[in-house]
Amino acid sequence: MHIRNIILLILLSGTACAQTLGGNTVFNFLKVPNTPQLSSLGGINVSQPSNDIGLAFNNPALLKPAMHSQMNAVFNSLYAGITSYHLSLGYHHPELNTNFMWGLNYFNYGNTTETDAAGNILGRFRPTDWVMQVSASRSYLDKWNYGASLKFISSNYGQYRSNGVAMDVGVQYYDSVKLFSASLVVKNMGAQLKKYEGTDPGDIPFDLQVGLTKRLEKAPFSFSVTAHHLHRFNISYSDTLFNNENGFENRNKNGFSFDKLFRHFVLATTIHLGDKVEVTAGYNHLRRQELNIGNGGNGLNGFSLGAALVLDKLQVRYARVNYQNNTAYNQFGLNMTLNKYFGLGNWGKRINW
């Protein structure tokens with residue numbers, strides 16, 4: 001398929017699948033960043049050139065031959081004892097000239113007391129969310145790469161269970177001479193197969209994202225700008241009833257404002273300290289605004305930091321992200337190139353990414 005036809009398909013799909021925003025969607029855990037590099041870049045980034053297969057979990061066009069046999073394992077310690085785990089594996093098939101990836105994101109919310117409507121304790125249950133996906137990507141000419149991911153989504157909250165399917169499609173343009181990358185991704189095109197008991201079918205959190213990344217030629221910096229939810233301008237969410245009951249101002253008004261515009265953008269920078277050390281920072285304006293309660297301060301909400309040690313066989317990555325004005329959560333990840341440990345060949349070096 002010609003690359004222009006793929007881009008047209010993505011744009012048409014984005015128009016057709018413009019789904020619900022705010023608190024009306026299901027499977028919102030799909031929006032949580034799975035890997036430290038993505039978290040440190042502000043939580044949304046589709047254009048960062050990196051030999052980190054964790055980024056390809058969010059944009060299949062970033063899946064490259066150099067990721068052959070690479071394994072990404074991530075542990076996240078969230079608030080209130082919630083933990084999440086991520087695992088992904090890459091494979092390059094030389095005869096098909098195609099890259100493949102399998103990935104799993106799993107959320108464990110611990111043991112919870114189960115009660116009836118009167119408050120009587122019935123027992124305990126363990127709520128979980130997870131998504132499993134298979135991705136494939138190919139190159140076109142020298143500077144284009146395109147890919148797709150097929151997802152199966154499962155949610156289990158005791159007697160309330162749901163599952164669904166979704167698809168991501170992405171295209172990337174990368175110029176290694178000018179150190180410039182641009183990507184377009186349509187995320188979560190799909191539907192709920194089984195609804196939660198007693199509820200109506202919900203929409204999956206659809207998103208249309210565009211990202212640009214530029215690395216400076218004579219300085220160790222790269223900068224990224226990512227725009228998300230391009231299918232809808234006003235993505236502000238305001239709980240009018242909560243605000244009225246607590247004396248807070250309802251700020252989600254009609255019309256244009258620069259705050260509404262800036263909520264679509266995530267800014268990030270990476271400092272490349274030689275070939276082996278990276279320091280990353282990001283700012284997500286939508287996250288900062290949504291986590292601000294009333295007129296109170298929101299500290300460093302929306303800001304994120306990260307660091308990475310990138311070796312030949314191993315990558316160690318760390319991110320620290322603020323979701324409250326006085327605390328942050330930490331994320332750790334390891335990338336291992338298995339064929340360099342177990343002598344499975346060197347297919348991953350056939351193309352220099």
Side-chain angles (χ1 to χ4, degrees), residues 33-41 45-74 86-94 97-103 135-139 142-147 149 170 172-183 185 211 213-215 220-224 268-280 282 306-319 331-342 344-353:
N34 62 291
T35 188
Q37 185 171 194
L38 184 63
S39 296
S40 64
L41 290 168
N45 189 294
V46 295
S47 59
Q48 177 86 352
S50 174
N51 188 25
D52 177 6
I53 197 171
L55 290 182
F57 188 84
N58 296 275
N59 177 9
L62 298 180
L63 183 60
K64 303 300 168 81
M67 297 173 183
H68 171 71
S69 83
Q70 187 179 131
M71 178 185 72
N72 177 222
V74 181
H86 172 77
L87 181 66
S88 55
L89 297 167
Y91 179 80
H92 173 68
H93 197 293
N97 194 26
T98 304
N99 314 299
F100 297 96
M101 182 188 69
W102 171 90
S135 306
S137 74
R138 299 190 69 179
S139 60
D142 295 329
K143 299 179 180 179
W144 293 91
N145 210 63
Y146 58 94
S149 297
Q172 183 203 27
Y173 172 84
Y174 178 65
D175 190 329
S176 59
V177 176
K178 296 182 180 180
L179 302 177
F180 173 77
S181 172
S183 289
V185 184
T213 299
K214 169 65 177 176
R215 181 169 177 174
F221 298 97
S222 61
F223 300 93
S224 294
T269 184
T270 300
I271 305 173
H272 305 271
L273 303 177
D275 297 329
K276 302 186 185 310
V277 178
E278 298 174 355
V279 178
T280 310
L309 176 64
V310 184
L311 305 175
D312 184 45
K313 297 181 180 181
L314 179 71
Q315 301 177 38
V316 182
R317 296 188 179 274
Y318 165 78
Q331 193 175 39
F332 298 91
L334 290 175
N335 292 51
M336 299 177 63
T337 306
L338 300 181
N339 65 347
K340 295 181 180 180
Y341 284 94
F342 302 105
L344 301 177
N346 293 308
W347 293 348
K349 292 187 177 181
R350 292 194 174 189
I351 293 182
N352 183 15
W353 170 241

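Because the structure is predicted, anything quoted here is derived from the model rather than measured.
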Quiz item: How far apart are the closest heavy atoms of S183 and S47, and which atoms are they?
Solution: OG-CA, 3.8 Å

Practice problem: For L63 and S135, work out which heavy atoms get closest and say how close. | Solution: CD2-O, 4.3 Å

Quiz item: For the atom pair CG (N45) and OG1 (T35), what is the distance rounded to the nearest 0.5 Å?
Solution: 12.0 Å

Practice problem: Can you measure from CG (L89) to CG (L338) and round to the nearest 0.5 angstrom? | Solution: 7.0 Å

Quiz item: Using the ring of each side chain (for Trp, its six-membered ring), is H93 parallel, tilted or perpendicular to Y91, with breaks at 30° and 60°?
Solution: perpendicular

Quiz item: Would you say the side chain of V46 lies within less than 4.5 Å of the side chain of N58, judging by non-hydrogen atoms?
Solution: no

Quiz item: Would T270 and V279 count as a side-chain contact (heavy atoms from CB on, under 4.5 Å) if you check the C-alpha gap in whole Å, the side-chain angles of each, and the deciding distance to 0.1 Å?
Solution: CA-CA 6 Å; T270 300; V279 178; over 6 Å; no

Quiz item: Could you give the distance from CH2 (W144) to OH (Y174), rounded to the nearest 0.5 Å?
Solution: 15.0 Å

Quiz prompt | Non-hydrogen side-chain atoms of D52 and V310 separated by less than 4.5 Å | solution = no

Exercise. Evaluate the side-chain contact (heavy atoms from CB on, under 4.5 Å) criterion for residues N99 and R138: first the C-alpha distance (whole Å), next the side-chain angles of each, then the deciding distance (0.1 Å), finally the verdict.
Key: CA-CA 6 Å; N99 314 299; R138 299 190 69 179; 6.0 Å; no

Quiz prompt | Contacts of type side-chain contact (heavy atoms from CB on, under 4.5 Å), residue S40, not counting sequence neighbours | solution = T280, A319

Exercise. Taking all heavy atoms of P60 and all of S137, pick out the closest pair and write down the distance.
Key: O-CB, 3.3 Å

Quiz item: If we only count heavy atoms from C-beta on, is the P65 to M67 side-chain gap below 4.5 Å?
Solution: no

Exercise. Spell out, as yes or no, whether a donor-acceptor pair under 3.5 Å connects the side chain of N145 to the backbone of G147.
Key: no

Quiz item: Mind checking whether F57 and H86 have ring centres under 6.0 Å apart?
Solution: yes

Quiz prompt | Euclidean distance, D142 CG relative to S176 OG, rounded to 0.5 Å | solution = 8.5 Å

Exercise. Give the ring-plane orientation class for F332 versus Y318, where under 30° counts as parallel, over 60° as perpendicular and anything between as tilted.
Key: tilted

Quiz prompt | S50 versus R317, closest heavy-atom pair with distance | solution = OG-NH2, 3.7 Å

Self-check item: Point-to-point distance, once rounded to the nearest 0.5 Å, from NZ of K276 to CD of Q315
Solution: 11.0 Å

Quiz prompt | Closest heavy-atom pair and its distance - N335, I53 | solution = ND2-N, 3.7 Å

Quiz item: With a 4.5 Å limit on heavy-atom distance, are the side chains of N51 and K64 in contact?
Solution: no

Quiz item: What do the steps show when you test S181 against Q48 for side chain to side chain donor-acceptor pair (under 3.5 Å), and what is the final call?
Solution: CA-CA 7 Å; S181 172; Q48 177 86 352; over 6 Å; no

Quiz item: Nearest heavy-atom pair of T337 and D312: which atoms, and what distance?
Solution: OG1-O, 4.3 Å

Self-check item: Rounded distance (nearest 0.5 Å) linking atom CG of N34 with atom OG of S88
Solution: 7.0 Å

Self-check item: K340 side chain to Q70 side chain, donor-acceptor N/O pair below 3.5 angstrom
Solution: no

Quiz item: Heavy-atom distance under 4.5 Å between the side chains of I271 and E278, does that happen here?
Solution: no

Quiz item: Hey, are the side chains of R215 and H272 touching, using non-hydrogen atoms and a 4.5 Å cut-off?
Solution: yes

Self-check item: Side-chain touch M336/Y341, heavy atoms, less than 4.5 angstrom
Solution: yes

Practice problem: Would you mind reporting whether Q172 and Y146 have side-chain heavy atoms less than 4.5 Å apart? | Solution: no

